[in-house]
Structures are given as structure tokens and as C-alpha cells.
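What follows is a short report on a single structure.
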Amino acid sequence: MGKLKAFILEADHTLRSGQSGVRLFVKTQRGKSLRFYDFSLEPYFFVKPRGDLDKTKAQAEKLSVYSQHGAIKPKRVEEAEKNWRGKKVRLLKILCFKANDVPVLREELRSVGELFEHDIPYTRRYLVDKRITPTGLAQIEANGLLIENISSIASEKNPSLRKMAVDIETYNPSGIPDALRDPCLMVGFAGDSADGVFSYSKKFSFDKVKAFKTEKEMLEAICGLLREQQTDLVCTYNGDVFDLPYMQARAKKLGADFRMGRDDSAVRSKRQGLRVVSRLGGRLHYDVFPVVSFLNFIGTIRVPRLTLEKVYEEILGGKKLDVKKLDIWKTWDEGTTKELDFLAEYCLNDAVACLRLANHFLHLQLELSKLVGLPLVEVSRATASQLVESLLLRRAFERNELVPNKPSSEEIRGREENPIQGAFVKTPPAGVYENIAVLDFKSLYPSIIISHNIDVTTVGCDCCSEKEAFVSPQGHKFCAKRKGIIPETLGFVLDERFKLKSEMKKLSKDSAEYKALDARQWGLKILANSFYGYLLYARSRWYSRKGGEATTAWARQYIHETIAKAENAGFRVLYADTDSLFLEYPKGGEEKINAFKKSVNDVLPERMELELEDFYPRGVFVAKKQESRGAKKKYALINKEGKIKIRGFELVRRDWSRIARHTQREVLEILLKEGSLGKAVELVRKTIADLKAGSVPLEDCVIYTQLRKKVGSYEIQSPEVAAVIHARKSGLKIPENSVVGYVITRDGRSISEKARVAEQAENYDADYYVNNQVLPAVLKLLGALGFDEESIKTKGSQTSLLGSW
DNA sequence: GCGAGCAGCGTACCT
DNA sequence: ACAGGTACGCTGCTCGCG
């Protein structure tokens, strides 16, 4: 075997005769899975001596720390030079035998100098220093040493991975199953060339079910299946926290031979930061839940509740079988064959949904992996800051720049306690308007950061005069001669995305090539939008308060100037938020808007651009509660194709009941499509009557809220907290930090007293849903048409709206 | 002792 | 565990009134 090209999938830390190395899990282009070992990178960190370099070097070389395993010493000490804040600095590079020696030796050297790059995990260090980008192609030599990475950053190819989605059902008589007591009942699986359900002891007639004698045999069969299918990618939905550790715990209890890893290892569940990650040796565990949760957080997708059911429905438009989770144990104990079949079908259904979701997001994840250089397993669980940091870590190495240290907890607190001034938001006038043009600045913050070279390494440089440098509105100076790492990297991200976009225009939308490029540009968009946040993220290594202040100050300046220009051009500026403006224009005046846009772009810096988002024949802004001026961040628009864009209204919030959201949506649609009340009043009246008659289904009254703190730590007993406390008293298990659904019932005096978790609610308080949900949601919309609450209640035919009052 | 008014808590949204 | 800006419901307190 000479040289070999293979995709690098994962790297683990490993030890051989007291020396750190990595174990690489790779996949050849022909689809063969292989492992390689590389011990050629010594763990290291830097010390910037406070005193004399040579003296400190001699001191470091003599260093020896006694531990129970013998003396820990540096393997070697070298001199090094790195760039730091635009200047070259001399450093000592302390090379170690083992990664674990780094934290020991650095503590001994803390007193003689400033430490750098001492907290970068060894495998990460390895991938950066060896210039290897997972999940890309690399060239490997026969002896197992990796010599070069051959996938360019614009890599085209992806490894072909054999996938298998897995989903379990468990016995749960007390609500939440306990692995020490409650068995795993079924394992559903769905892969490229196999799907079905493994269960045990019961009789099934569903032909996809294979029933083993015991739970132990069932669990062992799953491992056999993965081996037989040569699965590379095990897909789950929250398998990090639930399915994988649960199966492993059951297997341990039952003494099953349970080795899901390709290297016959067990599931390894470890806390990583705030969450648990479950890994499988030699196979990639790809958990779709953190992916969905990340995309929902950054606003790429909008799903109010991240259950597999809801996400599948929202993202892929698929309907899934529904089973009452709390009744699974009953079905198991007493169910007929037909009922057990249904449970199995549901279980398989979950696995299929999981596989489809896994596939749907896989291209994005692979592209992100190649872009930032993190393995798929890490990238799929990464936060926005980790993606940015990973990219910057690589760029810093290429620029021979010292990586800034993580902030201390005092620094973090200081940063958190001192937020900067952010974006400008204009108060809109409440009302219904016709002919609205929405314009926005394309990638406003990124383009400002690039255009003005905003970075922690360029702020307040001493090489530029006041005239040469970029000076922000509040006087922060940024170097104009030496490009900062953030503007440079961000510039690359934006350029790359621009190139892809123009390439995509030449392709047919349903070609595989288009889809591949689309996933890549999506990844680049996510990255571009994450840099500004990272600049001001309290735990950021490249934090820059002045950089953040300058970015928002310039943004405010640009939007204010543009508003003034629009007004001078004769448009009424209805609304503006951060980078967008809403202009009212005369009927048929679309060309005037285009001319205005051009006049703005003519004088903007090269990187910046004002774009037309769309023309809207009608739109509505509502008044603030108890006030006549318009509310910010709440509006609805309808475009020429009849498509409605809604922002901020109760109907987009999960902490409003469906009955209120639904009614508000209907009223809004009537208003936008017809511009009048008529039908809307009728609809509201009917809804109120239904509520009073008790004919509204209870599920339409459920309000969802996440408890973001521990239940015991609340100062105020809000309805959701009271509902959970009540539920726990009656033995219902509700996990901390979960999204709870509750209903306001008739049982109690205050709203909190009346609140019950959805599972326990048996009735609803019609008055509450009329007065506190439906009416507040619709009255403001009706108010936008000139009706205030009083006139609706007292005048003419509108009286009937509240007829039964 | 009681209701009105208000501040502050807390969540979810927008860009 | 990405930023700041914003709306708004609800609780629980204060205050004025009697």
C-alpha cells in the first residue's frame, strides 16, 4: 500500500509509550474504513517570559514536577517568534510528552511569564498544525503518517457514509423512564438498506418487527446490525442524552454484550460544556437534536417546540404517527397484538423521521465541518462561537499569530455587566398602510467590520495617523495598513459566498450540484452572521468592546443617513430596525424606489450595499399596549403574490394559546387581504361564543413556556411555575429547564392558582381565554383600522363583537 | 382591609 | 454559553382611601 487518499472523519487522543498521539478514523474514496495513528506532533504551549528569555529558558528546561506516576518534565524547550497585536514577540515553546502534562507544567511556569495556547485540546491542535480539515480528503502514507491535506477549503467532495437512524421506546410507568428499573421495549432502525424494529417477548404481526426472547438479546442484535451494515453514521434524535446512554445502561444492568463502536467499544457519554455527548468508537454519532436546536436559536429555522414530531412536520412537511408517550407502558403491559403493532410502527416511524432529518441537514453539517475544520461530531454539536473560534484558530496559525487566551471569570463578568449600545429601531406609526417598500443593507455588520478593518488587533494602532486610520463615529481608531484577522476571515467568507451564489445561478435548482453549493453557501451565511456576536461574546478569545461599539455606531450612522435621504427624496419612512427601512411610496412608484436605492449605493463604501427586499401593497403596524404610538418589532406585510410576512405578533409566539394565535391570524389575513373589518368581527364573535360554550378543544388552550431556571429558584410564582409545582406535588415528573405546556383552568382564584400542566388540565377558564388571550390579540389589529376598544364595545354593529358581555 | 397602579421578573421575539 | 433592543403578561408590592 503506497500512498492513499482518504477522508478524515475523526481524531481521538491516544497514548503510546508515554507519548501523546492521535488515532484517526478515515474513510477511503472506495468506502473502506481505516484507522491511522500519528505520534508526530508533540503537545506544546507558549510562555512569554516576563524577564530574560535565556534565563527563563534554562529554568524551564530544568523543570521537573513530581507526581504519583513519576517526574513530569518538558520534553524540549524551543524559542519561537509569533505575531501579537501587530508586533513580533519572542516566546518559549514548551514541548511535552503527553497532553496531560500541559496543565501541570504550565502552572509551574505561570509565575515566570504569560502563558499562551495552553488550553487548546490536543486533537484540535493536531488538526490545525497538520493543516488537516475534517471531513475533507487527505493524503496518507503507508506507514500511517499523514503527510498532506489535499482538499482545498473549497472542497467539492464528501465521503459517502453508511447511515443508520436508531430510536428506542422505553417502559415508563412513572412518566420519565429510569434505566435502572425500566426496560427498553423496542429499537427502531432505518438505514440505507435496512429498516425495522427489534423487540422481545411479545407477539407481533407487523412484518417489520423481529421479536427476540429477551431484552438482552434485542440490545445485542442492534450492535450486530450496525456491524453487518457497516454503519459509519449512527443518527439519533437526542441520542446524546437519551437513547444511547439508556441502551448502554440497560446493557450493563442485563450483562449484555453491547459494543456499538466499530472498534467494539461501548457508548461513551461525557459532559462537554453544558451538554452530554455520547460517542461511539469508529462510528460517528450524529445527533440531529443539537443541530435543530442550533438552527432554531440562530433563526435559520422557526419551530416553536423541538420535538421530533414538530420538527419533522415543520421541516419536511411529513406527518408522523402519534402515540401518547405516557401510555406506552400500558400498551406494553396490556396491549393487544394490534396495539403492539401500532407501537412498533410508531417506533419505526420515529427512526425514519430521524433518518430523513439527518439527511436533510447532513450536507450543511459536512460543509460547515470542512469550512471551520471541526469533525462532523463536533460541528453538529457546536455553538456559533465555537464555529467562529475554530475558524479563527486555524487562521491565527496560518498568520503565525498568537491565539489570545480565554478570559478569566472576572473578565467574563466585567464584559457581561457592561453591554454596549446596539442597534437603532424607529417607532412606527400604528395603522394600515398601502404600498410599502422594504429595503435592507446586505450583511450590514459583516460589511462594516470588513470595510473599517474592525478587530481587537487593529484597534488603536500606533502606525496610522488620525487621518489614515478608520475612525468610528465615537472616535475609536482602526489600523488602515495591516488587516485584522477577523476582517480578513470574514472577507474570505463573504467573497466565497458571493462566488458560490453566482455559480449557482448557472445551475438548475434541482441538480445535485446546485444543492451541494447551496449547502455550502448556507454554511457561509451562518458563519458570516456569527462574527459580530463573537466580537462581543463575553467568553470570546478575540473579544473587542471597542470593535463592537464601532460596528453598531457605524450601523446607526448609516441607517440614520439613509432615513434622512429617503425623507429628502419625499418618502415617508414608516419603520426601521438595525439594517432595514420601510418606505411608503406613491402607487406605481416602484421605479422611484429603485432610483433611490441606486443613489444610496452610489456613495456607500464598496463592501456595502442597500438591497430591495420586496414591495408590499399593504401592511399593518399596531399600537403599543396602553399607548397610541406604534409598537416596534411587530408588523405584518402582504406582497404582490399574496404572501404574508408576519413578525413579532402574538401569533408567532409559543407563549400564547393556539386559540388566540389562530384567531389573530385569521383577523390579520382578512385585514391584509381585504383591508376591512366585516368578516373579522364575525369571526371573533364566533370564537368568543365557542370559548364560552366550552366547545374549544383543551389543546387549543395550551400555553407553552420554557422554565429557564430551576423551579425552586424563581422569585415570583408565575403561572407556569405554579403549574409545575402543582404537578410535582401530585407525582408527575417534569424535568428542569423543559418547555412546559399549561392551561388556565377554573380551579383556583389567581391565574397562577388556576394554572395546570397540560397533562393535568381537565377544563379551561373561558373568561381568561376571552379577556386575556383572544381579545388582547385581536383588539390591537382592529384598533389599527381606527377602532378603539371603547368604540368596538359601544358603537353600532361593532357592539355585537362583545355582545354577550 | 382593599383595589388601583406600578416596578420588576421573566420569556420570547426581531435584526 | 452570539449581540443588543423590545413588547408585554403576571406577581407582588406600595399607596391612597376609608
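Here is how names work: the chains are called A, B, and so on, in the same order as the sequence lines, proteins then strands, and each is numbered from 1.
One finds no side-chain N or O of A:S718 lying less than 4.0 angstrom from the OP1 or OP2 phosphate oxygen of B:dG10. Distances shorter than 4.0 Å separate some side-chain N or O of A:N772 from OP1 or OP2 on C:dC10. For B:dA12, neither phosphate oxygen OP1 nor OP2 lies less than 4.0 angstrom from any side-chain nitrogen or oxygen of A:K633. Within the 4.0 Å cut-off from OP1 or OP2 of C:dG9, not a single side-chain nitrogen or oxygen of A:R653 is found. Applying the 4.0 Å criterion to OP1 and OP2 of B:dC13, one finds that A:R302 has every side-chain N and O outside that range. Note on A:Y575: every side-chain N or O is 4.0 Å or more away from OP1 and OP2 of B:dT15. Residue A:Y768 places at least one side-chain N or O under 4.0 Å from the OP1 or OP2 atom of C:dC10. Look at A:T578 and you won't find any side-chain N or O under 4.0 angstrom from OP1 or OP2 of B:dT15. The shortest distance between the side-chain N/O atoms of A:K634 and the OP1/OP2 oxygens of C:dC8 is below 4.0 Å. A sub-4.0 Å separation between OP1 or OP2 of C:dA7 and a side-chain N or O of A:K624 is present. Side-chain N/O atoms of A:K632 include one lying less than 4.0 angstrom from OP1 or OP2 on C:dT6. Contact annotation: A:Y714 side-chain N/O to C:dC10 OP1/OP2 distance is not under 4.0 Å.
Minimum interatomic distance between A:K710 and A:E736 (heavy atoms only, all atoms of both residues): CA-OE1, 3.1 Å. Scanning both residues, A:H452 and A:F470, for their nearest heavy atoms gives O-CD1, 3.4 Å. In plain terms, the two heavy atoms of A:S628 and A:A430 that are nearest each other are O-CB, 4.0 Å.
Comparing A:G533 and A:F424 against DNA chain C, the residue whose closest nucleotide sits nearer the 5' end is A:G533. Looking at which nucleotide of DNA chain C each of A:V425 and A:P719 is closest to, the 5′-most match is held by A:V425.
The nearest whole Å value for the distance from the CZ atom in A:R708 to the C1' atom in B:dC13 is 11 Å. Per the geometry, CG belonging to A:N296 stands 15 Å off C1' belonging to C:dC2, to the nearest Å. In this structure, A:Q717 atom CD and B:dT11 atom P are separated by 14 Å, rounded to whole Å. In this structure, the CD1 atom of A:I298 is 15 Å from the C1' atom of B:dC14, given to the nearest Å. The interatomic distance linking A:I448 (CD1) with B:dT15 (P) rounds to 17 Å, in whole Å. Rounded to whole Å, atom P of B:dT15 lies 13 Å from atom CG of A:L581. In this structure, OH of A:Y769 is placed 10 Å from P of C:dC10, rounded to the nearest angstrom. Nucleotide B:dA12 holds its P atom 13 Å from the CZ atom of A:R661, rounded to whole Å.
Closest to the side chain of A:V652, from the set C:dT11, B:dC14, C:dC2, is B:dC14. Nearest nucleotide to the side chain of A:D577, out of B:dT15, C:dG9, C:dG5: B:dT15. Comparing C:dT11, B:dT15, C:dA3 by their closest approach to the side chain of A:D579 singles out B:dT15. In the set C:dA3, B:dG10, C:dA7, B:dG10 carries the atom at the smallest distance from any side-chain atom of A:E715. Residue A:R654 places its side chain closer to B:dC13 than to any other of C:dC2, C:dT11, B:dC13. Closest contact between the side chain of A:I716 and the listed nucleotides C:dC2, C:dA7, C:dG12 involves C:dG12.
Across all strands, A:Q386 comes closer than 4.0 Å to no nucleic acid atom at all (heavy-atom distances). Among the protein residues, A:R647 comes within range of the sugar-phosphate backbone only, with heavy atoms under 4.0 Å from sugar or phosphate atoms but none that close to a base. As judged by a 4.0 angstrom heavy-atom cut-off over every strand, A:I420 is placed among residues touching the sugar-phosphate backbone only. Within the 4.0 angstrom heavy-atom criterion, no nucleotide atom of any strand lies near A:F294.
Under 4.0 Å is where a charged nitrogen must lie from a carboxylate oxygen, and between A:E613 and A:K645 at least one such pair does. One finds no salt bridge joining A:E567 and A:R572 here, because no Lys/Arg side-chain nitrogen approaches an Asp/Glu carboxylate oxygen to under 4.0 Å. Between A:D240 and A:K270, no side-chain nitrogen of the basic residue sits less than 4.0 Å from a carboxylate oxygen of the acidic one, so the salt-bridge criterion is not met. Ion pairing between a basic and an acidic side chain is recognised when a charged N comes within 4.0 Å of a carboxylate O; A:K780 and A:E650 show such pairing.
No hydrogens or angles considered: nothing links the side chains of A:S752 and A:S750 as a donor-acceptor pair under 3.5 Å. A:R279 and A:Q272 share a side-chain donor-acceptor pair at under 3.5 Å.
Residues of residues 546-567 of chain A that place a heavy atom closer than 4.0 Å to DNA chain C do not occur.
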_Steps toward ring-ring contact (aromatic ring centres under 6.0 Å, His included) verdict (A:Y635, A:F582)_ = CA-CA 11 Å; A:Y635 62 85; A:F582 293 44; 4.9 Å; yes

